[in-house]
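Taking it in order: structure first as structure tokens, then the write-up.
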Amino acid sequence: MSSIPANLRYNDSHEWVLDNGDGTVTVGITDHAQEALGDVVFVELPELGRALTKGEEFSVVESVKAASDLYAPVAGEVIAVNEELEDAPETINESPYENGWIIKVRVDDAGAVAELLDADAYQAVIDSEA
């Protein structure tokens, strides 16, 4: 079973959100998601400045097994993308919660992060899929 960091928030499509404390969040995919995908071989990064709507597809992660759409857990503007993933997409497999982050977003609604799943609720989502 993969560990689920308690300091992050989650959505049921397996993205995690780190509240950076300054009106921005960092977004990536969970350890559970990268395990299910297998070896990641490509990450499509969104454009800087792109406005995201909550629930909107913002990226595609391709692995040797499948391609998976990623969905914005919060609404806001993309202010950074992890360009290291272009040359080293496997970073998502190796370090999904640290070096394998995908985007940073300036959130439209600061309260939106609190509405996401906590670690226990996300574990329940994983358990229900098993």
If hydrophobic clusters are built from ILVMFWY residues whose side chains come within less than 4.5 Å, do [X] and [Y] share one?
| X | Y | result |
| --- | --- | --- |
| Leu52 | Tyr71 | no |
| Val17 | Val43 | yes |
| Val113 | Ile103 | yes |
| Val78 | Val60 | no |
| Val107 | Ile79 | no |

Are the side chains of [X] and [Y] in touch, meaning some heavy atoms are under 4.5 Å apart?
| X | Y | result |
| --- | --- | --- |
| Ile102 | Val27 | no |
| Arg9 | Tyr122 | no |
| Lys104 | Thr24 | no |
| Leu37 | Ile29 | yes |
| Leu45 | Glu86 | yes |
| Asp109 | Val74 | no |

What is the distance from atom CD of Glu90 to atom CG of Leu85, rounded to the nearest 0.5 Å?
-> 9.0 Å
Can you tell me how far CD of Glu57 sits from CD of Glu44, rounded to the nearest 0.5 angstrom?
->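 Reported to 0.5 Å precision, the distance equals 7.0 Å.
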Sequence-distant partners of Glu77, salt bridge (charged side-chain N to carboxylate O under 4.0 Å, His left out), two or more places apart |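 Once residues adjacent in sequence are excluded, the partners of Glu77 under the salt bridge (charged side-chain N to carboxylate O under 4.0 Å, His left out) criterion are Arg106.
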Minimal non-hydrogen separation, [X] against [Y], with atom names:
| X | Y | answer |
| --- | --- | --- |
| Lys54 | Glu115 | NZ-OE1, 4.4 Å |
| Ala51 | Glu56 | O-OE1, 3.7 Å |
| Val40 | Pro89 | CG1-O, 3.6 Å |
| Pro96 | Asn93 | CD-O, 3.9 Å |
| Ala119 | Ala6 | CB-CA, 4.0 Å |

Residues that Asp120 engages under side chain to side chain donor-acceptor pair (under 3.5 Å), provided they are two or more places apart | none
Whether [X] side chain and [Y] backbone form a donor-acceptor pair below 3.5 Å:
| X | Y | answer |
| --- | --- | --- |
| Asp31 | Ile4 | no |
| Asn20 | Asp22 | no |
| Asn82 | Trp101 | yes |

Residues, nucleotides or ligands: over 12 heavy atoms within 6.0 Å of Glu84 CD = no
Side chain to side chain contact (heavy atoms under 4.5 Å, CB included) filter on Glu83, not counting sequence neighbours, yields Val81
Are Thr30 and Tyr10 close enough that a side-chain donor and a side-chain acceptor fall under 3.5 Å?
-> no
Please state whether the rings of Trp16 and Tyr97 are parallel, tilted or perpendicular, taking 30° and 60° as the class boundaries.
->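 Because their plane-to-plane angle lies in the 30° to 60° range, the rings of Trp16 and Tyr97 count as tilted.
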